Amino acid sequence: MEFLSYLITGISLGSIYAIIALGYTMVYGIAKMLNFAHGDVIMVGAYVSFYVTMFAGSNLLGDDPSTLASGIVALVSVLLAMAVCTVLGVVIEGLAYRPLRQAGSLAVLITAIGVSYFLQNAAQLLFGANPKNFTPIVSGQLTLFGGQLRISYVALLTIAACVVIMLGLTTFTGKSRMGKAMRACSEDRGAAQLMGINVNATISMTFAIGSALAAVAGVLLCSYSPVLQPTTGSMPGIKAFTAAVFGGIGSIPGAFLGGLLLGIIEALAQAYISTQLSNTILFAVLIVVLLVKPSGLLGKYVPEKV
Amino acid sequence: MNKKFEKGKMVPVPSHSIIPERDIDKSPILECRHLGIDFGGLRAVNDFNLTIGRTEIAGLIGPNGAGKTTIFNLLTKVYQPTRGTILLDGLDTSGKTTAQINRMGIARTFQNIRLFNNLSVEDNVKVGLHNQEHYSALTGVLRLPWYWSREKAAHDRAMELLSIFGMEHLADHAAGSLPYGAQRRLEIVRALATNPSLLLLDEPAAGMNPSETAELMENIVKIRDTFQIAVMLIEHDMKLVMNICEGICVLNFGQVIAKGTAEEIQSNPAVIEAYLGKQKEA
Amino acid sequence: MKSYFKNMKTITKADYATYLGVILAFIVVSICQSQGLVSRSLGGMLVPICCYVCMSVSLNLTVGVLGELSLGHAGFMSVGAFSGIITAMSLQSAVPNDLVRMVIALVAGAFFAAIVGFIVGIPVLRLRGDYLAIVTLAFGEIIKDLINCLLVGWDENGLHIALNVDGTKSMSSLGLSENGIEIIKGAQGATGNARIATFTMGFVLIMITLVVVLNLVRSRTGRAVMAIRDNRIAAESVGINVTKYKLIAFVTSASLAGAAGALFGLNYSNVTAAQFDFNTSILVLVYVVLGGLGSIWGSIIATVVLYVLPEALRQFSDYRMLVYAIVLILVMLATNNPQVRALISRIIPRRKGAAIDE
Amino acid sequence: MEPILKVSDINVYYGAIHAIKGVSFEVNPGEIVTLIGANGAGKSTTLQTISGLLHSRTGSIEFLGESLMGIPAHKIVAKGLAQVPEGRRIFLQMTVEENLQMGAYTRSGAGIDQDLEKVYTHFPRLMERRRQIAGTLSGGEQQMLAMGRALMSRPKLLMLDEPSMGLAPILVEQIFEIIRTLHKAGTTILLVEQNAQAALSIADRGYVLETGRIVTSGTGQELLASPEIKRAYLGG
Amino acid sequence: GGGNDTSAADDGGSDTTVSTGTAFKIGVIGPLTGGAAIYGTCVANSAQIAVDEINALGGDIQFELLPAADDVNDAETSVNAYNSLMDKGMQILVGTVTTQPALSVVPLTYDDRVFTLTPSASGDDVIENNDNVFQICFTDSNQGSRSAQYINEHFPDAKIGIIYKNDEQYSIGIRDNFKAEADARGMDIVYEGTFAEANQTDFNVQLTAAQSAGADLLFLPIYYTPASAILTQANALGYKPTFFGVDGMDGILTADNFDASLAEGVYLLTPFSADAEDEMTQNFVTKYQEAYGGTPNQFGADAYDAIYTLYQAIQAAGVTADMATEDICDALIEVMPTISVTGLTSAGSEMTWDANGAVSKDPTAVIIENGTYVTP
Ligand SMILES: Nc1ncnc2c1ncn2[C@@H]1O[C@H](COP(=O)(O)OP(=O)(O)OP(=O)(O)O)[C@@H](O)[C@H]1O
Ligand SMILES: Nc1ncnc2c1ncn2[C@@H]1O[C@H](COP(=O)(O)OP(=O)(O)OP(=O)(O)O)[C@@H](O)[C@H]1O
Ligand SMILES: [Mg+2]
Ligand SMILES: [Mg+2]
């Protein structure tokens with residue numbers, strides 16, 4: 001029973017990693033850049049949701065709001081967070097990354113780091129250093145086996161959201177016109193232009209999707225572990241990047257699998273081996289997997305044609 | 001005549017050779033026996049047998065996707081063969097890496113040019129001289145006298161090699177900034193710098209106009225004559241192939257469909273059907 | 001010989017200019033310091049600046065010359081720092097001379113970082129691109145975690161080392177004798193270190209780093225490494241043992257970072273593993289990229305400027321890191337702007353076959 | 001007759017390199033026009049400038065009476081101008097069929113499937129390999145794919161950059177056959193070729209480019225007959 | 001206000017100016033940005049309040065508080081911060097805020113003979129091997145063993161779980177001493193879990209493990225930010241042990257949007273409570289809220305006390321601002337063990353110091369009831 005609860009902890013944590021990793025993988029796969037500011041967009045999303053909920057709580061809802069009312073507030077807060085992050089993502093892309101289209105990938109990486117610093121410090125000035133306690137968008141839990149096993153609704157929601165997003169993205173990139181345009185851009189921007197694809201618009205679109213996902217991830221992350229501060233996004237961001245690579249960067253199912261496994265390994269390592277060395281174990285597993293499968297679990301290894 | 005090259009049949013050396021008369025007194029430089037590789041379900045190369053004499057210029061032709069480049073990749077161990085053996089100068093090459101194969105004596109160029117684009121032309125050649133002008137990393141860091149003498153030797157040798165194609169004046173240019181034709185020539189020079197006994201050229205004339213091709217032909221023969229090495233080339237320019245190749249091997253769907261001299265090949269109906277088409281010229 | 005020099009002219013000129021610049025800077029700063037013209041603030045930054053210069057120059061070897069993205073360079077600095085501190089502290093009575101002890105510690109730092117670099121390098125270098133990045137990142141975190149559990153003490157019986165994985169061990173479980181010294185106390189790091197690092201030593205280390213990196217790059221080995229960077233398959237096809245040369249570059253880079261780390265460790269009375277985390281690796285990477293991949297003098301200048309910048313921005317108080325971020329982004333945008341680049345290349349004419357001075 | 005494409009006095013630079021120096025030429029509807037010239041003469045650069053991937057500092061480019069100057073590349077395609085770029089530039093990680101579909105990106109619905117069939121009849125090899133990842137095709141197969149892909153946009157003007165490069169002789173013939181067929185079907189073609197012999201023999205007119213300048217022009221037959229051209233480009 | 005000289009004290013909202021030469025230049029070092037910014041900013045703000053109050057008294061002793069120097073809670077940056085303050089002529093250091101940077105800075109202040117009074121760097125090593133460093137907060141060892149003692153006396157049969165932060169000296173220090181004392185007393189520790197800076201928001205695994213190990217009292221020697229996450233997540237898991245925190249737990253009630261009902265029944269050792277009724281606390285908290293918004297935590301209270309302690313020590317030593325820094329230092333070292341100070345954090349009694357620099361004030365345990373601290 002304990003094992004099950006650790007497993008569920010791992011899966012719900014992993015689902016959050018997976019959602020973030022999906023955003024990473026999208027942006028990486030298409031814009032070919034490591035967007036280290038992705039984690040900070042998560043943080044912004046969470047703050048937006050936090051303030052919307054606070055505002056609604058103090059101005060719109062009464063002392064004892066109905067489930068429906070608070071549900072609507074939660075939904076609105078998520079949607080607003082997505083909207084803000086989408087705009088933020090597109091603006092960042094347009095101002096900081098687009099001018100670097102011709103530059104090397106490392107130049108973009110460093111700019112992304114600059115953006116990350118910027119977002120964190122701007123958040124501290126705007127929202128203060130004092131951590132906020134985030135109110136989960138859904139509360140309560142499912143109790144099984146006579147109370148021996150509890151699964152919070154947040155965990156269930158996270159897992160469900162993660163699966164839906166993964167399936168949605170897979171279909172989108174595989175089937176839709178825009179999705180194919182994205183894949184074309186990811187391979188050869190010049191050739192994509194010759195096909196009539198608006199490369200800038202496509203990359204903006206990618207950032208829009210990635211950032212909207214980041215907003216969702218931010219809300220879920222803070223619903224799961226309720227402390228929100230300007231640095232909230234950075235570690236999950238790195239973990240998610242790891243997850244994306246673990247699963248095979250650029251691969252959507254890979255990001256999903258990688259995130260999930262990472263969460264599970266982390267939880268089980270903490271529970272059964274050592275809380276002290278859980279990161280070490282996690283990263284060691286990662287290294288071993290990459291050595292056996294150098295392109296990640298589901299990364300497709302396209303050999304170079306010689 | 002044709003019977004001699006029947007596929008799948010083990011015959012003693014040098015009868016696999018396209019032109020057995022050449023270098024008849026010496027053992028062949030290269031022997032492929034029943035070579036083959038699969039990509040997934042695709043038999044890209046199957047039962048490929050070939051022998052090349054010490055100073056032969058051999059041609060490998062065939063329709064697109066026939067497996068010609070793949071054979072080069074097998075010879076240089078870019079791909080590990082699924083079946084068969086490759087003997088270089090009588091030595092089995094199985095289990096060797098690409099780098100070791102080069103040190104054993106095979107150098108090549110690539111169908112899609114692969115230069116060290118950010119290095120200068122001279123440095124590209126010097127990289128080719130890597131195993132010729134040897135000194136240790138420590139010698140290099142400490143700049144011991146040996147470093148200076150080896151570097152000078154490398155420089156002189158690089159210039160000498162570049163002069164084959166009259167490219168000395170380009171020595172300081174970044175390789176990636178050269179015109180296409182010059183890049184192809186530089187690749188050949190770099191391959192020569194490794195002091196090979198067998199030079200593999202993958203479509204050396206691609207992207208060159210006929211006059212440039214004519215010049216290239218002369219140079220290939222010149223290289224063979226000066227360095228006394230074997231050259232094997234893949235080319236779709238029939239003028240080049242028919243004029244300088246002493247033996248030609250035709251591949252289709254990974255299988256050898258014909259071997260022989262230019263005349264034999266040109267009149268072979270199977271080759272005409274699969275590859276040459278109704279030739280007007282050459 | 002003569003014509004050879006003629007050919008090497010442009011490259012060696014740039015190299016000698018780099019050496020000369022560093023030497024001049026050292027002389028000027030030393031003179032100013034002896035005249036009391038250097039503020040404490042700047043004076044205190046001299047040694048760490050030297051360390052970071054070595055860090056960025058050595059990382060440039062991996063990222064710029066070898067062309068592999070490493071996000072764990074601070075891990076090697078960490079190994080160097082702690083092995084350097086252990087060495088220096090253990091030798092405190094045996095080698096009373098600070099200078100000698102410092103040199104031994106630096107060598108030890110470089111040595112252990114090289115060993116770790118070798119161990120990490122073997123598996124890591126089979127991977128490419130971003131996979132390498134993530135594994136180096138992972139390695140950096142692992143090193144940090146392990147050192148966080150590390151307990152080291154020294155007494156006349158020699159070194160006492162324990163790994164406190166489950167929290168059950170403490171310094172007392174090392175069983176140090178009466179006059180033993182506690183060197184590393186887990187997450188608290190090394191405390192009470194003797195601060196023996198000097199600016200002069202930092203300068204010497206920079207010079208050594210420069211000589212090693214520049215001479216390596218201008219040698220047969222360096223050409224092989226750059227060839228691998230530009231086209232691995234072609235490099236193999238001309239007989240270069242890719243793994244060997246990748247390892248040479250990687251291990252050299254690691255050991256130079258280790259030496260820098262040792263110097264760094266000897267400059268502070270307290271050093272913790274957490275200081276050498278992912279963010280530090282990123283910081284050094286920023287120096288390298290901003291200075292220009294493969295450009296050694298660029299790395300040096302970028303390091304000095306970017307290290308001093310947050311300090312210079314102290315007057316902005318709360319806004320200082322925000323301003324830093326904005327400056328970073330703007331500089332990246334400006335240096336990669338085609339117009340600005342064209343302008344720069346007009347001012348500083350470059351060799352046509354730009355290999356490393358790009 | 002109004003030319004379908006009119007290029008006048010374009011100047012293109014790569015940083016400090018002046019690659020195209022005041023080039024002007026035109027293509028009339030229904031014509032095959034060829035640009036020939038040595039390596040590095042600027043043929044590819046010219047095509048890329050027309051399709052909007054590179055930009056000229058001066059002059060004008062008019063397509064169907066509309067100026068293309070300053071119009072982004074993706075919009076130019078939609079106007080009916082397709083290019084088979086040098087070095088093929090197919091999408092290596094997509095399947096053959098997906099590549100072909102990308103060619104029809106600017107179109108919607110009707111006729112795409114028929115065109116796909118048409119391409120497959122031109123190139124049966126592509127039909128065999130429709131599910132193969134394009135990156136593993138042989139050089140020649142990739143060239144076929146690149147041509148097929150460009151045809152999928154049903155261009156009014158098709159620009160081909162060295163379509164015969166790296167192809168087996170039988171395929172070179174086929175490619176030229178296809179060019180002829182397309183031409184007969186009313187597609188205007190701007191052809192860049194190293195194989196000057198073949199190019200000039202099917203071209204209505206040709207221009208000779210040398211280090212970024214047009215040095216000669218004339219009908220295909222005139223140029224074929226010219227002794228200088230013979231010496232310089234036909235290996236005569 | 002003091003004189004009308006132009007050497008403005010700082011940009012931190014002071015309305016006082018002081019005459020050159022008569023004001024002691026005081027520096028504060030702490031994290032103003034980054035993850036620990038909340039502690040550093042509170043210290044800087046509170047010190048400013050105390051300085052303004054003292055300057056407003058208009059006595060001979062005037063303070064000039066240099067702009068607080070940011071150390072990002074990093075040992076390396078803290079040295080730079082210290083040097084930049086030295087360039088500005090700092091005579092006395094109130095800092096650093098956290099332990100790790102203190103370990104880097106304190107040897108420098110010792111060499112430079114700069115008198116150092118740290119509000120909240122509680123590590124035992126901070127005051128070791130030097131004579132010039134004094135603490136306002138109690139040391140980690142003190143807290144650790146006091147906690148064990150208290151728990152043993154009040155919950156003799158408790159099955160104890162501990163969750164601590166394995167990369168922070170504060171947390172480890174208290175835990176080590178707690179464990180030593182608990183072992184000596186034969187207390188029953190059934191679970192120990194750790195976390196690090198990198199994962200200090202998710203405690204599901206540790207809590208599940210503690211719960212299944214049967215821990216009915218969770219000892220949390222950590223700061224309140226992670227503690228608030230622990231309380232929230234334990235609640236979600238339906239795990240309701242007795243929580244026992246230390247002084248870092250103070251502030252939990254003021255965490256933004258924290259559901260204070262979750263903290264009901266939490267024990268903590270703290271010297272300070274922002275809603276204590278006494279006049280001094282009320283004055284401080286009101287001023288803080290007016291000037292900076294938000295409620296000050298115990299770090300701020302320590303800083304406020306530090307400034308007043310300094311004030312009293314200077315009075316006792318009779319030093320003046322124009323004296324050399326090392327003379328001021330020596331004189332203050334002299335008097336520190338002799339003075340006794342009543343402050344926000346002295347819990348109604350008086351603080352005194354031993355020659356080593358450790359404060360003696362008794363950590364008292366409080367329990368949170370109805371959103372306020374109550375002595376049980
Ligand atoms: N790595 C690979 N994976 C799968 N298939 C491959 C791979 N490499 C080559 N092939 C297939 O093997 C066949 C032979 O390819 P190869 O490149 O050798 O052709 P080629 O004879 O050189 O043709 P061309 O003259 O067009 O260059 C082709 O059908 C190609 O698609
Ligand atoms: N990306 C580039 N950067 C710098 N110079 C370039 C670049 N591309 C081409 N050039 C230069 O511009 C000139 C024209 O090149 P272009 O590719 O248009 O020639 P081309 O006629 O198509 O030759 P080829 O037959 O080799 O394809 C050449 O001198 C070439 O070196
Ligand atoms: Mg081929
Ligand atoms: Mg071209």
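Numbers restart at 1 for each chain; the letters A, B, ... are given by sequence-line order, proteins then strands. Remember, predicted model here, so these are calculated numbers, not experimental data.
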Chain C contact via A:Leu125 - side chain, backbone, both or neither, heavy atoms under 4.5 Å: side chain
Cut-off 4.5 Å, heavy atoms of chain C, and the answer for A:Val108 is neither
Drop me the distance from C:Leu69's CG to A:Leu109's CG, to the nearest 0.5 angstrom. 6.5 Å
Using heavy-atom distances under 4.5 Å, tell me whether C:Ile143 contacts chain A through its side chain, its backbone, both, or neither. neither
From the list C:Val331, C:Ile326, C:Leu333, C:Asn337, the residue making the most non-hydrogen contacts under 4.5 Å with chain A is C:Leu333
Considering all heavy atoms, the nearest A:Phe118-C:Ala325 contact: N-CB, 3.4 Å
Here the gap from A:Gln102 atom CD to C:Asn336 atom CG, rounded to the nearest 0.5 Å, amounts to 10.5 Å
Most contacts with chain C, counted as non-hydrogen pairs under 4.5 angstrom, among A:Thr111, A:Leu119, A:Leu106: A:Leu106
Checking A:Phe246 against chain C: side chain, backbone, both or neither under 4.5 Å from a heavy atom? neither
Measuring heavy-atom distances to chain A, does C:Leu71 have an atom under 4.5 Å in its side chain, in its backbone, in both, or in neither? side chain
Quick check: are there more than 12 heavy atoms from other residues, nucleotides or ligands sitting under 6.0 Å from OH of A:Tyr51? yes
For A:Leu34, is it the side chain, the backbone, both or neither that has a heavy atom under 4.5 Å from a heavy atom of chain C? side chain
Heavy-atom pair of closest approach, residues A:Ala284 and C:Ile142: N-CD1, 3.9 Å
Roughly how far, to the nearest 0.5 Å, is OH of A:Tyr97 from CE of C:Met332? 11.5 Å
Minimum-distance pair of heavy atoms, taken over all atoms of A:Gln276 and C:Asn164: NE2-O, 3.5 Å
Nearest 0.5 Å, what's the CZ-CZ distance between A:Phe283 and C:Phe139? 12.5 Å
So which of A:Leu95, A:Leu100, A:Leu282, A:Thr275 has the biggest tally of heavy-atom pairs under 4.5 Å with chain C? A:Leu100
Report which part of A:Ile273 has an atom under 4.5 Å of a heavy atom belonging to chain C: side chain, backbone, both, or neither. neither
Interface moiety of A:Tyr28 toward chain C, non-hydrogen atoms closer than 4.5 Å: side chain
For C:Phe278 together with A:Phe241, are the ring centres under 6.0 Å from each other? no
So how far is it from A:Thr280 OG1 to C:Glu141 CD, rounded to the nearest 0.5 Å? 8.5 Å
Which region of A:Ser274, side chain (C-beta onward) or backbone (N, CA, C, O), has a non-hydrogen atom less than 4.5 Å from a non-hydrogen atom of chain C, or is it both or neither? side chain
Pick whichever of C:Val327, C:Leu328, C:Asp145, C:Leu330 has the most heavy-atom pairs under 4.5 Å with chain A. C:Asp145
Portion of A:Leu286 that has a non-hydrogen atom of chain C nearer than 4.5 angstrom: side chain
Would you compute the distance between atom CG of A:Asn279 and atom CG of C:Leu146 and round it to the nearest 0.5 angstrom? 11.0 Å
Need one label for A:Ile281: side chain, backbone, both or neither, based on atoms under 4.5 Å from any heavy atom in chain C. neither
